[in-house]
Amino acid sequence: MHGGKQLKKSSVDLTQGSIWKQLLLFALPIFVGQLFQNLYNSVDSLVVGNFVGKTALAAVSSTNDISHFLVGFFTGLASGGGVFFAQMFGKKDYQKLSDGIHTTILFAFLFGFVMAGVGYWLSPQLLQLISCPPDVYASALEYLRIYLIGILFTAIYNVGAGILRAVGDSSSPFYYLLISSMTNIVLDLLFVCGFNMGVAGVGWATTLAQLVSVILVLRKMMKTHDVYKLEIRKLRLNQPILAEVLRLGIPAGIQTSITSISNMFVQRYTNGFGSSAMAGIGVAKKVEKFAGLSCSSLGVAITTFIGQNYGADKKKRAVEGIRISVWISVIMVGLTSLALFILAPGIAVIFNRDAEVVAYASAMIRVIMPFYLFNAMYNIFSGVVRGFGKSKSVMLCVILGLVGCRQLWLAVSMSIKSDVFNVYFSYPAGWIGASILVYLYYYFNIRRTVVAEIQHSDA
């Protein structure tokens with residue numbers, strides 16, 4: 001099987017061709033796909049904010065970081081594990097690639113099932129952890145429990161989509177997210193406006209839409225004749241390969257989960273300013289996530305690009321791809337940040353027309369957008385370092401920078417004065433810390449070594 005299968009059209013070799021074109025063409029479906037993935041929870045907020053009320057919007061917003069804590073683990077696992085798949089694809093070791101795929105899919109199913117049960121059971125304790133106010137607690141608990149039932153589907157989809165992207169197919173995950181997001185929108189409106197189900201309606205709409213995305217990605221992998229074909233009879237836990245996938249994936253998963261834990265503690269500060277602040281800051285965080293899609297999609301793209309080229313021993317091409325991705329990111333983030341800074345009030349009012357909610361959301365957007373380039377650099381260089389197989393190092397840099405700096409800022413600033421603007425500035429504080437640390441790690445521990453190897457091979 002090693003080198004024996006002819007590659008089909010759906011997998012893409014990123015080790016040859018125009019670098020900037022390949023990065024853009026590969027990142028574009030990821031960008032649009034993430035756009036629709038973000039619509040899951042954003043549509044929930046839009047629907048409850050406009051058709052149920054401010055308290056329901058605050059309830060949904062207050063659960064975001066809790067759900068991201070659990071869901072984010074599988075997103076990180078898929079991202080880190082994708083490095084293994086990309087490197088095996090670059091080396092053309094298709095037997096090991098196949099073994100890794102079947103092992104990881106089975107692991108995602110088993111672990112996702114356990115985490116869904118644990119999340120449902122611990123939902124009250126998680127809401128207590130963020131000091132959820134009494135007036136939104138019942139709605140938040142109802143929404144969170146329903147949402148976390150779908151974590152099993154999220155786990156399987158993210159791993160499946162990560163496998164497809166690792167072999168160069170970023171288009172299929174986009175189409176699946178498009179379909180599932182449209183399903184979510186239709187079900188949101190049906191359950192909330194048609195059946196008057198409130199926050200429970202948006203929860204079930206999201207869970208069912210996630211199931212649709214799982215069915216589509218598994219169908220793709222089972223029907224294909226390419227190197228990533230999934231066969232039920234081959235599902236088994238290959239322990240050495242699972243250990244390798246988890247070595248790369250678990251640090252990324254822990255990184256994402258710990259970042260969410262940090263945000264849960266930020267939410268505690270937010271909750272102290274009342275439901276209007278909770279709703280407004282929740283809206284601003286939705287907008288920020290959309291702003292960050294170009295950063296995160298390029299981060300995913302450069303991870304796969306580095307993984308394939310490093311696996312194929314094309315180090316010079318890998319380094320050039322880093323330079324190009326940075327410039328692309330700078331241009332995209334500059335345009336996006338300027339637009340959002342100017343249009344902040346108009347965007348905020350789409351979610352909720354309450355004047356206080358709009359004021360909180362607009363203020364936060366205008367505080368964080370001038371610093372957004374740091375978020376871009378943190379995403380790009382995290383992807384770069386992870387692509388070189390240093391997933392644990394990325395985890396440590398991001399935890400120290402993103403989590404440590406954010407919590408330190410809040411602890412010091414809030415002890416001086418309890419001001420909601422301190423919450424706003426905590427986000428740039430984390431981006432700045434993480435971007436500096438992950439870049440310094442890349443420069444001193446990877447770049448100098450790789451450049452020296454390139455110069456030696458050229459000599």
Give the ring-plane orientation class for Y442 versus F381, where under 30° counts as parallel, over 60° as perpendicular and anything between as tilted. tilted

Within a strict 4.5 Å, meaning less than it, do heavy atoms of the V319 and R323 side chains meet? no

As a quick check of understanding, evaluate side chain to side chain contact (heavy atoms under 4.5 Å, CB included) for E288 and N375, giving each step before the final call. CA-CA 10 Å; E288 182 271 318; N375 190 9; 3.4 Å; yes

I want to check something: taking the side chain as every heavy atom from C-beta on, are Q210 and T206 in contact at a cut-off of under 4.5 Å? yes

What do the steps show when you test F107 against L246 for side chain to side chain contact (heavy atoms under 4.5 Å, CB included), and what is the final call? CA-CA 10 Å; F107 177 79; L246 294 181; 3.8 Å; yes

Spacing of Y120 atom OH and L126 atom CG [to the nearest 0.5 Å]: 13.5 Å

Among side-chain atoms of S393 and Y441, is any donor-acceptor pair under 3.5 angstrom? yes

Go through the steps for I146 and T207 under the test side chain to side chain contact (heavy atoms under 4.5 Å, CB included), then give the verdict. CA-CA 7 Å; I146 296 169; T207 297; 4.1 Å; yes

Measure the shortest side-chain to side-chain distance between V212 and Y176 over non-hydrogen atoms and say whether it is less than 4.5 angstrom. no

Just how far is it from atom OG of S426 to atom CD of Q407, taken to the nearest 0.5 Å? 8.0 Å

Kindly compute the distance separating CZ (F153) from OG (S213), expressed to the nearest 0.5 Å. 9.5 Å

Evaluate the side-chain proximity of Y439 to M377: yes if any heavy-atom separation is below 4.5 Å, no if none is. no

Step by step, would you call R247 with E244 a salt bridge (Lys or Arg N to Asp or Glu O under 4.0 Å)? CA-CA 5 Å; R247 183 186 70 81; E244 179 65 12; 3.0 Å; yes

If you compare all heavy atoms of S418 against all heavy atoms of F273, which two are closest, and at what distance to 0.1 Å? OG-CZ, 3.8 Å

State, yes or no, whether a side-chain contact exists between V358 and R353 at a heavy-atom distance under 4.5 Å. no

Are side-chain heavy atoms of I302 and L298 found at a separation under 4.5 Å? no

Smallest heavy-atom separation, V384 atom then I306 atom, equals O-CG2, 4.0 Å

So W204 and F191, do their side chains get closer than 4.5 Å, heavy atoms only? yes

Is S382 reaching over with its side chain to a backbone N or O of N379, donor-acceptor style, under 3.5 angstrom? no

Heavy-atom closest contact (I368 atom, Y424 atom, distance): CG2-O, 3.5 Å

Does the plane of the ring in F113 sit parallel, tilted or perpendicular to the ring in F109? Use 30° and 60° as the thresholds. parallel

So Y360 and M278, do their side chains get closer than 4.5 Å, heavy atoms only? no

Below 4.0 angstrom, N of the basic side chain to O of the carboxylate: do R317 and E320 qualify? no

Over all atoms of both residues, closest heavy-atom pair of L141 and S123: CD1-CB, 3.6 Å

Run I436 and I432 through side chain to side chain contact (heavy atoms under 4.5 Å, CB included) and show every step you take. CA-CA 6 Å; I436 290 173; I432 292 169; 3.8 Å; yes

Is the backbone of S325 close enough, under 3.5 Å, to the side chain of S329 for a donor and an acceptor to pair up by distance? no

In Å and rounded to the nearest 0.5 Å, what is the OG to CZ distance from S296 to F31? 8.5 Å

Looking at T303, is its backbone amide N or carbonyl O close enough to the side chain of R386 to form a donor-acceptor pair, meaning the two atoms are under 3.5 Å apart? no

Spell out, as yes or no, whether a donor-acceptor pair under 3.5 Å connects the side chain of T104 to the backbone of I101. no

K315 and Y310: which non-hydrogen atoms are nearest, and at how many Å? CE-CE1, 4.1 Å

Supply the atom-to-atom distance L208 CG to D188 CG, rounded to the nearest 0.5 angstrom. 10.5 Å

Quick check on ring pair (Phe, Tyr, Trp, His ring centres under 6.0 Å): which of F374, Y372, W409 does W431 satisfy it with? Y372

Distance only, no hydrogens: is a donor on one side chain within 3.5 Å (strictly under) of an acceptor on the other, for S181 and N184? no

Between D169 and S172, does a side chain to side chain donor-acceptor pair (under 3.5 Å) hold up when you go through it step by step? CA-CA 6 Å; D169 180 9; S172 294; 2.8 Å; yes

Do the rings of F425 and F421 sit parallel, tilted or perpendicular, given the 30° and 60° boundaries? tilted

Nearest 0.5 Å, please: how far is OG in S337 from CD1 in I365? 11.5 Å

Tell me the closest heavy-atom pair linking S362 and A348, and the distance in Å. OG-CB, 4.1 Å

